[in-house]
There are 2 protein chains.
Amino acid sequence: MHVSFALAKIYTYVNVEVIGLNDLGEFKMKIDVTQHLTLGAKRTLKAFRLAMFEALSEKEFDKITVNDICKKSEYPRATFYNYFDDKFDLLQYLWSYIGKDILNKIPRDGDEEEGLVKIFNLLLEFFNDHQELLANITKNNGSDSHLWHSMSGYLRHEANILVYNYCKDNDQVKVPVKLLARFYSDLIIAVLEWCLFEQPEIDINTADEYLVNLLNGGLNA
Amino acid sequence: MHVSFALAKIYTYVNVEVIGLNDLGEFKMKIDVTQHLTLGAKRTLKAFRLAMFEALSEKEFDKITVNDICKKSEYPRATFYNYFDDKFDLLQYLWSYIGKDILNKIPRDGDEEEGLVKIFNLLLEFFNDHQELLANITKNNGSDSHLWHSMSGYLRHEANILVYNYCKDNDQVKVPVKLLARFYSDLIIAVLEWCLFEQPEIDINTADEYLVNLLNGGLNA
DNA sequence: GTTGTATTTTGACAGTTGTCAATTATTTTA
DNA sequence: TAAAATAATTGACAACTGTCAAAATACAAC
(Lines give C-alpha, C1' and ligand atoms only; values in the text may rest on other atoms or scores of the structure.)
Protein backbone atom coordinates (compact mmCIF):
# COMPACT_ATOMS: atom_id res chain seq x y z
CA MET A 1 0.00 0.00 0.00
CA HIS A 2 2.73 2.34 1.00
CA VAL A 3 4.79 1.67 -2.06
CA SER A 4 2.03 0.95 -4.55
CA PHE A 5 1.08 4.56 -4.99
CA ALA A 6 4.63 5.84 -5.09
CA LEU A 7 4.61 6.87 -8.71
CA ALA A 8 0.93 7.63 -9.04
CA LYS A 9 1.17 10.70 -6.85
CA ILE A 10 2.39 13.97 -8.27
CA TYR A 11 3.03 17.04 -6.19
CA THR A 12 1.14 19.47 -8.36
CA TYR A 13 1.81 22.30 -5.96
CA VAL A 14 5.50 22.13 -6.71
CA ASN A 15 6.63 23.50 -10.05
CA VAL A 16 7.83 20.12 -11.02
CA GLU A 17 6.66 17.86 -13.81
CA VAL A 18 7.44 14.91 -15.96
CA ILE A 19 9.06 15.79 -19.24
CA GLY A 20 6.89 14.49 -22.02
CA LEU A 21 8.50 11.62 -23.83
CA ASN A 22 9.54 12.52 -27.30
CA ASP A 23 9.36 9.63 -29.69
CA LEU A 24 13.10 9.11 -29.81
CA GLY A 25 13.39 7.38 -26.49
CA GLU A 26 12.87 7.79 -22.80
CA PHE A 27 14.54 10.36 -20.65
CA LYS A 28 12.30 11.20 -17.75
CA MET A 29 13.15 13.58 -14.97
CA LYS A 30 10.94 14.78 -12.17
CA ILE A 31 11.90 18.40 -12.68
CA ASP A 32 11.27 20.14 -15.97
CA VAL A 33 14.29 22.29 -16.64
CA THR A 34 12.60 23.98 -19.59
CA GLN A 35 9.88 25.36 -17.30
CA HIS A 36 10.33 28.65 -15.46
CA LEU A 37 11.90 28.06 -12.07
CA THR A 38 11.52 30.41 -9.14
CA LEU A 39 14.57 31.82 -7.42
CA GLY A 40 14.09 29.51 -4.46
CA ALA A 41 13.82 26.45 -6.67
CA LYS A 42 16.96 27.43 -8.57
CA ARG A 43 18.88 27.90 -5.34
CA THR A 44 17.79 24.53 -4.02
CA LEU A 45 18.49 22.69 -7.26
CA LYS A 46 21.94 24.20 -7.39
CA ALA A 47 22.67 23.06 -3.85
CA PHE A 48 21.70 19.47 -4.65
CA ARG A 49 23.57 19.53 -7.94
CA LEU A 50 26.77 20.71 -6.31
CA ALA A 51 26.35 18.31 -3.42
CA MET A 52 26.10 15.36 -5.80
CA PHE A 53 29.04 16.55 -7.85
CA GLU A 54 31.14 16.89 -4.72
CA ALA A 55 30.01 13.52 -3.40
CA LEU A 56 30.96 11.88 -6.68
CA SER A 57 34.54 13.00 -6.25
CA GLU A 58 34.67 11.42 -2.81
CA LYS A 59 33.10 8.01 -3.19
CA GLU A 60 31.55 5.79 -5.77
CA PHE A 61 27.96 6.37 -6.75
CA ASP A 62 26.59 3.17 -5.28
CA LYS A 63 27.82 4.21 -1.86
CA ILE A 64 26.30 7.68 -1.99
CA THR A 65 23.00 7.97 -0.12
CA VAL A 66 20.31 10.62 -0.26
CA ASN A 67 21.32 11.35 3.32
CA ASP A 68 24.83 12.22 2.15
CA ILE A 69 23.46 14.64 -0.42
CA CYS A 70 21.20 16.26 2.15
CA LYS A 71 23.95 16.62 4.70
CA LYS A 72 26.18 18.33 2.13
CA SER A 73 23.46 20.59 0.78
CA GLU A 74 22.03 21.29 4.24
CA TYR A 75 18.48 20.48 3.25
CA PRO A 76 16.26 17.89 4.90
CA ARG A 77 15.49 14.72 3.02
CA ALA A 78 11.90 15.68 2.32
CA THR A 79 13.10 18.68 0.31
CA PHE A 80 15.24 16.41 -1.81
CA TYR A 81 12.21 14.32 -2.69
CA ASN A 82 10.29 17.42 -3.71
CA TYR A 83 12.72 17.81 -6.58
CA PHE A 84 13.94 14.32 -7.40
CA ASP A 85 12.51 10.82 -7.39
CA ASP A 86 15.78 9.38 -6.15
CA LYS A 87 19.51 9.77 -6.50
CA PHE A 88 19.42 8.47 -10.08
CA ASP A 89 17.05 11.25 -10.97
CA LEU A 90 19.44 13.81 -9.53
CA LEU A 91 22.22 12.22 -11.54
CA GLN A 92 20.28 12.63 -14.78
CA TYR A 93 19.64 16.23 -13.92
CA LEU A 94 23.36 16.68 -13.36
CA TRP A 95 24.16 15.19 -16.77
CA SER A 96 21.58 17.33 -18.53
CA TYR A 97 23.06 20.37 -16.81
CA ILE A 98 26.61 19.46 -17.76
CA GLY A 99 25.49 18.27 -21.19
CA LYS A 100 24.49 21.76 -22.29
CA ASP A 101 28.19 22.50 -22.75
CA ILE A 102 28.46 19.81 -25.38
CA LEU A 103 25.19 20.12 -27.18
CA ASN A 104 25.31 23.80 -27.93
CA LYS A 105 28.30 23.35 -30.20
CA ILE A 106 26.65 20.81 -32.46
CA PRO A 107 25.27 22.02 -35.82
CA ARG A 108 21.57 21.29 -36.27
CA ASP A 109 21.70 19.89 -39.77
CA GLY A 110 24.04 18.81 -42.54
CA ASP A 111 25.36 15.72 -44.25
CA GLU A 112 24.77 12.44 -42.42
CA GLU A 113 28.24 10.92 -42.25
CA GLU A 114 29.81 14.30 -41.66
CA GLY A 115 27.30 15.00 -38.90
CA LEU A 116 27.95 11.72 -37.15
CA VAL A 117 31.69 12.28 -37.14
CA LYS A 118 31.14 15.80 -35.90
CA ILE A 119 29.03 14.66 -32.96
CA PHE A 120 31.51 11.94 -32.15
CA ASN A 121 34.44 14.33 -32.26
CA LEU A 122 32.71 16.83 -30.02
CA LEU A 123 32.01 14.16 -27.46
CA LEU A 124 35.56 12.86 -27.52
CA GLU A 125 36.88 16.39 -27.34
CA PHE A 126 34.61 17.17 -24.43
CA PHE A 127 36.01 14.36 -22.34
CA ASN A 128 39.55 15.28 -23.32
CA ASP A 129 38.84 18.79 -22.11
CA HIS A 130 37.25 17.51 -18.91
CA GLN A 131 39.54 14.75 -17.82
CA GLU A 132 38.84 15.37 -14.17
CA LEU A 133 35.12 14.97 -14.74
CA LEU A 134 35.69 11.66 -16.49
CA ALA A 135 38.03 10.67 -13.69
CA ASN A 136 35.33 11.47 -11.16
CA ILE A 137 32.81 9.44 -13.09
CA THR A 138 35.05 6.42 -13.36
CA LYS A 139 36.77 6.73 -10.00
CA ASN A 140 36.28 3.54 -8.01
CA ASN A 141 34.24 2.32 -10.93
CA GLY A 142 35.14 0.96 -14.31
CA SER A 143 33.31 1.89 -17.45
CA ASP A 144 30.77 -0.57 -16.12
CA SER A 145 29.40 1.58 -13.35
CA HIS A 146 25.90 2.85 -12.87
CA LEU A 147 27.48 6.23 -13.13
CA TRP A 148 28.94 5.93 -16.56
CA HIS A 149 25.93 4.07 -17.91
CA SER A 150 23.74 6.85 -16.69
CA MET A 151 25.86 9.49 -18.37
CA SER A 152 26.37 7.54 -21.59
CA GLY A 153 22.64 6.86 -21.66
CA TYR A 154 22.02 10.56 -21.59
CA LEU A 155 24.57 11.23 -24.30
CA ARG A 156 23.12 8.47 -26.46
CA HIS A 157 19.71 10.02 -26.03
CA GLU A 158 20.91 13.46 -27.08
CA ALA A 159 22.95 12.07 -29.95
CA ASN A 160 19.88 10.18 -31.07
CA ILE A 161 17.83 13.36 -31.36
CA LEU A 162 20.52 15.11 -33.39
CA VAL A 163 21.14 12.14 -35.62
CA TYR A 164 17.44 11.73 -36.25
CA ASN A 165 17.33 15.26 -37.58
CA TYR A 166 20.23 14.53 -39.90
CA CYS A 167 18.59 11.56 -41.55
CA LYS A 168 14.85 12.12 -41.23
CA ASP A 169 14.64 13.70 -44.70
CA ASN A 170 16.62 10.96 -46.37
CA ASP A 171 14.04 8.75 -48.08
CA GLN A 172 16.57 6.55 -49.82
CA VAL A 173 17.42 4.38 -46.85
CA LYS A 174 16.07 0.85 -46.71
CA VAL A 175 15.45 0.76 -42.97
CA PRO A 176 13.08 2.84 -40.83
CA VAL A 177 14.63 6.18 -39.97
CA LYS A 178 14.11 5.73 -36.25
CA LEU A 179 15.97 2.43 -36.35
CA LEU A 180 18.73 4.00 -38.38
CA ALA A 181 19.08 6.81 -35.86
CA ARG A 182 19.23 4.31 -33.03
CA PHE A 183 21.91 2.40 -34.92
CA TYR A 184 23.97 5.55 -35.41
CA SER A 185 23.77 6.72 -31.84
CA ASP A 186 24.67 3.26 -30.54
CA LEU A 187 27.66 3.34 -32.84
CA ILE A 188 28.81 6.73 -31.62
CA ILE A 189 28.64 5.65 -27.99
CA ALA A 190 30.36 2.34 -28.69
CA VAL A 191 33.34 3.97 -30.34
CA LEU A 192 33.38 6.70 -27.69
CA GLU A 193 33.55 4.13 -24.91
CA TRP A 194 36.24 2.29 -26.76
CA CYS A 195 38.35 5.42 -27.02
CA LEU A 196 37.83 6.49 -23.44
CA PHE A 197 38.30 3.18 -21.69
CA GLU A 198 40.09 0.70 -23.93
CA GLN A 199 42.48 2.90 -25.84
CA PRO A 200 42.77 6.24 -24.04
CA GLU A 201 45.93 7.31 -25.87
CA ILE A 202 44.26 6.99 -29.29
CA ASP A 203 44.59 9.92 -31.70
CA ILE A 204 41.47 11.48 -33.11
CA ASN A 205 42.14 10.46 -36.71
CA THR A 206 42.36 6.79 -35.86
CA ALA A 207 39.20 7.13 -33.81
CA ASP A 208 37.39 8.71 -36.74
CA GLU A 209 38.62 5.93 -38.99
CA TYR A 210 37.16 3.32 -36.64
CA LEU A 211 33.86 5.15 -36.68
CA VAL A 212 33.71 5.50 -40.45
CA ASN A 213 34.85 1.92 -41.05
CA LEU A 214 32.10 0.56 -38.87
CA LEU A 215 29.63 2.96 -40.43
CA ASN A 216 30.42 1.62 -43.89
CA GLY A 217 30.01 -1.99 -42.90
CA GLY A 218 32.27 -3.75 -40.47
CA LEU A 219 32.57 -6.79 -42.68
CA ASN A 220 33.85 -5.48 -45.97
CA ALA A 221 36.63 -3.55 -44.29
CA MET B 1 30.48 2.33 8.10
CA HIS B 2 27.48 0.13 7.69
CA VAL B 3 27.39 0.51 3.95
CA SER B 4 31.09 0.95 3.25
CA PHE B 5 31.92 -2.68 3.74
CA ALA B 6 28.90 -3.97 1.89
CA LEU B 7 30.77 -5.28 -1.12
CA ALA B 8 34.06 -6.05 0.61
CA LYS B 9 32.59 -8.88 2.64
CA ILE B 10 32.16 -12.28 1.09
CA TYR B 11 30.44 -15.15 2.80
CA THR B 12 33.15 -17.70 2.20
CA TYR B 13 31.28 -20.33 4.12
CA VAL B 14 28.52 -20.30 1.56
CA ASN B 15 29.24 -21.91 -1.77
CA VAL B 16 28.72 -18.67 -3.51
CA GLU B 17 31.19 -16.55 -5.44
CA VAL B 18 31.71 -13.78 -7.94
CA ILE B 19 32.00 -14.95 -11.52
CA GLY B 20 35.32 -13.78 -12.88
CA LEU B 21 34.94 -11.09 -15.48
CA ASN B 22 35.82 -12.28 -18.91
CA ASP B 23 37.28 -9.58 -21.08
CA LEU B 24 34.16 -9.11 -23.14
CA GLY B 25 32.27 -7.12 -20.59
CA GLU B 26 30.80 -7.28 -17.13
CA PHE B 27 28.24 -9.74 -15.97
CA LYS B 28 28.62 -10.31 -12.26
CA MET B 29 26.41 -12.49 -10.15
CA LYS B 30 26.83 -13.42 -6.55
CA ILE B 31 26.19 -17.08 -7.19
CA ASP B 32 28.38 -19.07 -9.54
CA VAL B 33 26.06 -21.31 -11.52
CA THR B 34 29.00 -23.20 -13.01
CA GLN B 35 30.12 -24.31 -9.55
CA HIS B 36 28.70 -27.43 -7.94
CA LEU B 37 25.62 -26.62 -5.90
CA THR B 38 24.39 -28.74 -3.03
CA LEU B 39 20.87 -30.07 -3.02
CA GLY B 40 19.81 -27.53 -0.42
CA ALA B 41 21.24 -24.65 -2.41
CA LYS B 42 19.49 -25.82 -5.56
CA ARG B 43 16.19 -26.10 -3.74
CA THR B 44 16.54 -22.61 -2.32
CA LEU B 45 17.64 -21.05 -5.61
CA LYS B 46 14.70 -22.62 -7.36
CA ALA B 47 12.29 -21.22 -4.80
CA PHE B 48 13.62 -17.69 -5.27
CA ARG B 49 13.70 -18.04 -9.03
CA LEU B 50 10.09 -19.16 -9.18
CA ALA B 51 9.04 -16.51 -6.69
CA MET B 52 10.56 -13.77 -8.84
CA PHE B 53 9.04 -15.17 -11.99
CA GLU B 54 5.63 -15.30 -10.36
CA ALA B 55 6.00 -11.82 -8.93
CA LEU B 56 6.91 -10.46 -12.36
CA SER B 57 3.60 -11.60 -13.72
CA GLU B 58 1.76 -9.76 -10.96
CA LYS B 59 3.38 -6.36 -10.76
CA GLU B 60 6.10 -4.33 -12.36
CA PHE B 61 9.66 -4.93 -11.30
CA ASP B 62 10.16 -1.57 -9.60
CA LYS B 63 7.33 -2.38 -7.21
CA ILE B 64 8.60 -5.82 -6.28
CA THR B 65 10.47 -5.90 -2.97
CA VAL B 66 12.79 -8.49 -1.51
CA ASN B 67 10.08 -8.94 1.09
CA ASP B 68 7.64 -9.97 -1.64
CA ILE B 69 10.07 -12.57 -2.94
CA CYS B 70 10.65 -13.93 0.55
CA LYS B 71 6.99 -14.15 1.35
CA LYS B 72 6.34 -16.09 -1.85
CA SER B 73 9.31 -18.39 -1.45
CA GLU B 74 8.74 -18.81 2.30
CA TYR B 75 12.31 -18.02 3.21
CA PRO B 76 13.44 -15.25 5.55
CA ARG B 77 15.16 -12.21 4.10
CA ALA B 78 18.56 -13.19 5.41
CA THR B 79 18.49 -16.34 3.31
CA PHE B 80 17.80 -14.29 0.22
CA TYR B 81 20.90 -12.23 0.85
CA ASN B 82 23.00 -15.35 1.21
CA TYR B 83 22.36 -16.03 -2.45
CA PHE B 84 21.83 -12.64 -4.05
CA ASP B 85 23.15 -9.12 -3.60
CA ASP B 86 19.74 -7.65 -4.31
CA LYS B 87 16.71 -8.14 -6.50
CA PHE B 88 18.65 -7.10 -9.61
CA ASP B 89 21.07 -9.92 -8.95
CA LEU B 90 18.21 -12.40 -8.74
CA LEU B 91 16.89 -11.02 -12.00
CA GLN B 92 20.20 -11.64 -13.76
CA TYR B 93 20.22 -15.16 -12.41
CA LEU B 94 16.73 -15.62 -13.79
CA TRP B 95 17.83 -14.44 -17.23
CA SER B 96 20.88 -16.66 -17.25
CA TYR B 97 18.64 -19.58 -16.30
CA ILE B 98 16.11 -18.82 -18.99
CA GLY B 99 18.85 -17.89 -21.45
CA LYS B 100 20.20 -21.42 -21.60
CA ASP B 101 17.27 -22.28 -23.83
CA ILE B 102 18.44 -19.81 -26.44
CA LEU B 103 22.17 -20.19 -26.27
CA ASN B 104 22.37 -23.93 -26.67
CA LYS B 105 20.98 -23.70 -30.19
CA ILE B 106 23.62 -21.32 -31.47
CA PRO B 107 26.50 -22.76 -33.51
CA ARG B 108 29.92 -21.99 -32.05
CA ASP B 109 31.65 -20.86 -35.22
CA GLY B 110 31.07 -20.04 -38.86
CA ASP B 111 30.90 -17.13 -41.27
CA GLU B 112 30.54 -13.72 -39.68
CA GLU B 113 27.50 -12.27 -41.43
CA GLU B 114 25.78 -15.63 -41.46
CA GLY B 115 26.50 -16.05 -37.76
CA LEU B 116 25.11 -12.66 -36.87
CA VAL B 117 21.90 -13.29 -38.73
CA LYS B 118 21.65 -16.71 -37.11
CA ILE B 119 21.97 -15.28 -33.60
CA PHE B 120 19.48 -12.56 -34.41
CA ASN B 121 16.97 -15.02 -35.82
CA LEU B 122 17.26 -17.30 -32.81
CA LEU B 123 16.60 -14.41 -30.47
CA LEU B 124 13.63 -13.19 -32.46
CA GLU B 125 12.32 -16.74 -32.72
CA PHE B 126 12.74 -17.25 -28.99
CA PHE B 127 10.53 -14.30 -28.14
CA ASN B 128 7.98 -15.37 -30.73
CA ASP B 129 7.89 -18.76 -29.07
CA HIS B 130 7.64 -17.20 -25.60
CA GLN B 131 5.17 -14.41 -26.07
CA GLU B 132 3.88 -14.72 -22.54
CA LEU B 133 7.38 -14.29 -21.16
CA LEU B 134 7.86 -11.14 -23.18
CA ALA B 135 4.44 -9.98 -22.09
CA ASN B 136 5.44 -10.52 -18.48
CA ILE B 137 8.65 -8.59 -18.98
CA THR B 138 6.93 -5.66 -20.60
CA LYS B 139 3.73 -5.74 -18.58
CA ASN B 140 3.20 -2.40 -16.87
CA ASN B 141 6.45 -1.34 -18.47
CA GLY B 142 7.46 -0.28 -21.92
CA SER B 143 10.63 -1.44 -23.59
CA ASP B 144 12.19 1.19 -21.34
CA SER B 145 11.90 -0.70 -18.09
CA HIS B 146 14.61 -1.85 -15.79
CA LEU B 147 13.32 -5.28 -16.54
CA TRP B 148 13.83 -5.29 -20.26
CA HIS B 149 17.14 -3.48 -20.03
CA SER B 150 18.33 -6.10 -17.62
CA MET B 151 17.30 -8.91 -19.95
CA SER B 152 18.57 -7.23 -23.11
CA GLY B 153 21.81 -6.47 -21.32
CA TYR B 154 22.23 -10.14 -20.61
CA LEU B 155 21.42 -11.09 -24.21
CA ARG B 156 23.83 -8.48 -25.53
CA HIS B 157 26.51 -9.91 -23.28
CA GLU B 158 25.95 -13.44 -24.51
CA ALA B 159 25.69 -12.33 -28.12
CA ASN B 160 28.94 -10.47 -27.66
CA ILE B 161 30.80 -13.61 -26.60
CA LEU B 162 29.48 -15.57 -29.55
CA VAL B 163 30.16 -12.80 -32.03
CA TYR B 164 33.67 -12.36 -30.68
CA ASN B 165 34.39 -15.99 -31.48
CA TYR B 166 33.10 -15.50 -35.01
CA CYS B 167 35.42 -12.64 -35.81
CA LYS B 168 38.44 -13.08 -33.56
CA ASP B 169 40.37 -14.93 -36.30
CA ASN B 170 39.58 -12.39 -38.98
CA ASP B 171 42.72 -10.25 -39.26
CA GLN B 172 41.49 -8.25 -42.24
CA VAL B 173 39.31 -5.86 -40.32
CA LYS B 174 40.48 -2.32 -39.78
CA VAL B 175 39.08 -1.92 -36.29
CA PRO B 176 39.96 -3.77 -33.07
CA VAL B 177 38.10 -7.07 -32.88
CA LYS B 178 36.66 -6.31 -29.46
CA LEU B 179 35.19 -3.08 -30.77
CA LEU B 180 33.83 -4.87 -33.80
CA ALA B 181 32.15 -7.47 -31.59
CA ARG B 182 30.63 -4.75 -29.47
CA PHE B 183 29.35 -3.07 -32.61
CA TYR B 184 27.78 -6.29 -33.83
CA SER B 185 26.08 -7.17 -30.58
CA ASP B 186 24.71 -3.64 -30.22
CA LEU B 187 23.32 -3.96 -33.72
CA ILE B 188 21.63 -7.28 -32.99
CA ILE B 189 19.96 -5.91 -29.89
CA ALA B 190 18.91 -2.70 -31.64
CA VAL B 191 17.15 -4.53 -34.46
CA LEU B 192 15.70 -7.04 -31.99
CA GLU B 193 14.18 -4.25 -29.91
CA TRP B 194 12.87 -2.64 -33.05
CA CYS B 195 11.12 -5.81 -34.08
CA LEU B 196 9.70 -6.59 -30.65
CA PHE B 197 8.48 -3.15 -29.68
CA GLU B 198 8.15 -0.91 -32.72
CA GLN B 199 7.03 -3.31 -35.41
CA PRO B 200 5.80 -6.50 -33.74
CA GLU B 201 4.01 -7.79 -36.82
CA ILE B 202 7.20 -7.70 -38.92
CA ASP B 203 8.09 -10.82 -40.93
CA ILE B 204 11.45 -12.42 -40.40
CA ASN B 205 12.75 -11.69 -43.91
CA THR B 206 12.21 -7.98 -43.58
CA ALA B 207 13.85 -8.08 -40.18
CA ASP B 208 16.89 -9.85 -41.61
CA GLU B 209 17.04 -7.28 -44.40
CA TYR B 210 17.14 -4.47 -41.86
CA LEU B 211 19.95 -6.21 -40.04
CA VAL B 212 22.01 -6.86 -43.15
CA ASN B 213 21.43 -3.38 -44.55
CA LEU B 214 22.71 -1.77 -41.38
CA LEU B 215 25.57 -4.22 -41.25
CA ASN B 216 26.70 -3.17 -44.71
CA GLY B 217 26.60 0.50 -43.95
CA GLY B 218 23.45 2.40 -43.21
CA LEU B 219 24.42 5.27 -45.47
CA ASN B 220 25.02 3.71 -48.85
CA ALA B 221 21.78 1.80 -48.68
C1' DG C 1 0.58 47.10 4.49
C1' DT C 2 -2.83 43.58 4.71
C1' DT C 3 -5.07 39.69 2.89
C1' DG C 4 -5.18 35.62 0.26
C1' DT C 5 -2.88 32.28 -2.68
C1' DA C 6 0.64 29.45 -4.31
C1' DT C 7 5.14 27.70 -3.47
C1' DT C 8 8.66 25.63 -0.64
C1' DT C 9 10.30 23.50 3.45
C1' DT C 10 10.04 20.50 7.20
C1' DG C 11 9.72 16.60 10.99
C1' DA C 12 7.96 12.48 11.73
C1' DC C 13 6.54 7.93 10.08
C1' DA C 14 5.98 3.30 8.15
C1' DG C 15 8.22 0.32 5.21
C1' DT C 16 12.53 -1.58 2.96
C1' DT C 17 17.38 -2.78 2.84
C1' DG C 18 21.57 -5.30 3.80
C1' DT C 19 24.38 -7.30 7.73
C1' DC C 20 25.78 -10.03 11.59
C1' DA C 21 26.30 -13.42 15.15
C1' DA C 22 24.09 -17.27 16.57
C1' DT C 23 21.60 -21.41 15.48
C1' DT C 24 20.27 -25.40 12.96
C1' DA C 25 20.89 -28.84 9.42
C1' DT C 26 23.68 -31.56 6.53
C1' DT C 27 27.71 -33.96 5.14
C1' DT C 28 32.23 -36.06 6.14
C1' DT C 29 35.39 -38.65 8.72
C1' DA C 30 36.98 -41.71 12.19
C1' DT D 1 27.03 -44.21 14.71
C1' DA D 2 29.24 -40.44 17.01
C1' DA D 3 32.01 -36.49 16.60
C1' DA D 4 33.78 -32.92 13.74
C1' DA D 5 33.48 -29.99 10.00
C1' DT D 6 31.06 -27.67 6.65
C1' DA D 7 26.89 -25.58 4.72
C1' DA D 8 22.51 -23.27 5.23
C1' DT D 9 19.16 -20.80 7.78
C1' DT D 10 17.47 -17.53 10.92
C1' DG D 11 15.88 -13.29 13.95
C1' DA D 12 17.16 -9.10 15.23
C1' DC D 13 19.40 -4.77 14.16
C1' DA D 14 20.85 -0.20 12.39
C1' DA D 15 20.59 2.53 8.42
C1' DC D 16 18.18 4.14 4.36
C1' DT D 17 13.98 5.18 1.53
C1' DG D 18 9.99 7.63 0.02
C1' DT D 19 5.58 9.91 1.74
C1' DC D 20 2.50 12.87 4.11
C1' DA D 21 0.21 16.58 6.40
C1' DA D 22 1.34 20.58 8.57
C1' DA D 23 4.18 24.75 8.98
C1' DA D 24 6.77 28.45 6.97
C1' DT D 25 7.87 31.32 3.39
C1' DA D 26 7.43 34.09 -0.78
C1' DC D 27 4.51 36.51 -3.84
C1' DA D 28 0.56 38.66 -5.73
C1' DA D 29 -3.55 41.86 -5.87
C1' DC D 30 -5.99 45.07 -3.73
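Since the structure is predicted, the reported quantities are computational estimates derived from the model, not experimental observations. The basis for the numbers below is simple: all heavy atoms, side chains too, and nothing from hydrogens, waters or symmetry mates. Protein chains get the first letters and strands the later ones, always in sequence-line order, with residue 1 at the start of each.
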Q) What integer distance in Å separates B:Y81:OH from D:dA7:P? A) 24 Å
Q) Considering residues at least two apart in sequence or located in another chain, which fulfil the side chain to side chain contact (heavy atoms under 4.5 Å, CB included) criterion with A:D186? A) A:R156, A:R182, B:D186, B:A190
Q: Figure out the CG/C1' separation between B:D86 and D:dC16, and round it to whole Å.
A: 15 Å
(Q) I'd like to know if the side chain of B:K87 and the backbone of B:I64 have a donor-acceptor N/O pair within less than 3.5 Å. (A) yes
**Q.** Which residues share a ring-ring contact (aromatic ring centres under 6.0 Å, His included) with B:F120, sequence neighbours left out
**A.** none
Q: Could you list by number each residue of residues 39-46 of chain A showing a heavy-atom separation from DNA chain C of less than 4.0 Å, or answer none if no residue does?
A: A:A41, A:T44
Q) Do the ring centers of A:Y75 and A:F80 come within less than 6.0 Å of each other? A) no
**Q.** Any B:Q199 side-chain heavy atom under 4.5 Å of A:P176 side chain
**A.** yes
(Q) What's the closest nucleotide to the side chain of A:Y83 if the choices are C:dT19, D:dT17, C:dT8? (A) C:dT8
Q: Go through the structure and list residues passing ring-ring contact (aromatic ring centres under 6.0 Å, His included) with A:F53, not counting sequence neighbours.
A: none
Q: May I have the distance from B:H36 (atom NE2) to C:dT27 (atom C1'), rounded to whole angstrom?
A: 11 Å
Q: Give, ordered by number, those residues of residues 73-80 of chain A having at least one heavy-atom distance below 4.0 Å to an atom of DNA chain D; if nothing qualifies, reply none.
A: A:R77, A:A78
(Q) In this structure, how many angstroms lie between the P atom of C:dT17 and the CG atom of A:D62, rounded? (A) 16 Å
**Q.** Whole-Å distance separating the NZ atom of A:K87 from the P atom of D:dA15
**A.** 18 Å
Q | Rounded distance in Å - CD1 (B:I64) to P (C:dT17) | A | 11 Å
Q | Atom-pair distance (CG on A:D68; C1' on D:dT17), nearest Å | A | 13 Å
Q: Round to the nearest Å and state the distance from A:F84 atom CZ to D:dT17 atom P.
A: 15 Å
Q) How are the rings of A:Y93 and A:F84 set relative to one another: parallel (under 30°), tilted (30 to 60°) or perpendicular (over 60°)? A) tilted
Q: Return each pair, listed once, that meets side chain to side chain donor-acceptor pair (under 3.5 Å) where at least one residue sits in residues 119-135 of chain B; pairs must be two or more places apart or across chains.
A: B:N121-B:D208
Q) Is any side-chain heavy atom of A:T79 less than 4.5 Å from a side-chain heavy atom of A:F48? A) yes
Q) Of the candidate nucleotides C:dT9, C:dG18, D:dT10, which contains the atom at the shortest distance from the side chain of B:N82? A) D:dT10
